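Notes to accompany the following structure.
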Amino acid sequence: MRWPSYGPVSGERPPPHATAYGKVLLTAPPERPTWRTRHTVVSPGVLAGQLARIRAAGLAVCAEESRLGEVTVAAAPVRGPEGTLAALGVTVATGVPLDRVTAAVRTAAGRVQPPRRSPSPSP
C-alpha cells in the first residue's frame with residue numbers, strides 16, 4: 001500500500017488562493033506604502049507603472065527610496081519551473097556606475113539553480 005504524500009513538495013509554490021495558509025495571508029489588509037525618504041514611491045499609480053516596467057525588464061533599481069545614499073539594484077529574478085522563486089540583488093552607494101552592477105546582478109541571477117523537486121517517498 002502506498003500512502004499519499006501530504007505537505008509541500010520541495011520547490012513547490014502553490015498559489016495562495018489554493019492553500020489554507022495562503023488564504024489566511026490573503027485576508028490581511030494590504031499594507032499602505034509609507035514614506036522612507038523623499039524618493040520613496042507611495043502613489044499606487046506610479047508604483048503600478050514601475051512594477052509593469054520591472055516585469056518587462058526583469059530588473060528593479062531603487063535609488064535612495066529606502067535610505068539616502070543607497071541604491072539597490074535588485075532583483076533580476078531567479079526563475080524555476082513554477083515561475084519566479086526569488087530575487088537577487090545588491091545595494092551600493094549612490095554614485096557607483098550602475099551599468100556594471102546591473103549586468104553583474106543579471107548574470108548572477110541567471111546562474112542560480114532552482115531547487116530540484118524531491119521525489120515523493122515510497123513506503
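Throughout, residue positions are numbered sequentially from 1 according to the sequence presented. What you see is a predicted model; the values in this text were computed from it and never measured.
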#### Entry: Atom of His39, atom of Glu65 and distance for their closest heavy-atom approach
O-CG, 3.2 Å
### Task
Work out which heavy atom in Thr37 is nearest to a heavy atom in Thr40; give both atom names and the distance.
N-OG1, 2.9 Å
Compare all side-chain heavy atoms of [X] with those of [Y] and state whether any distance is below 4.5 angstrom.
X	Y	value
Val42	Arg32	no
Thr94	Glu70	no
Val71	Val96	no

So how far is it from [X] [atom1] to [Y] [atom2], rounded to the nearest 0.5 Å?
X	Y	atom1	atom2	result
Cys62	Gln50	SG	CD	6.5 Å
Thr102	Leu59	OG1	CG	6.0 Å
Thr91	Arg67	OG1	CZ	8.5 Å

### Message
Could you go through Val92 and Leu98, starting from their C-alpha distance and side-chain angles, then the distance that decides it, and tell me whether this counts as side chain to side chain contact (heavy atoms under 4.5 Å, CB included)?
### Response
CA-CA 9 Å; Val92 297; Leu98 294 183; 4.1 Å; yes
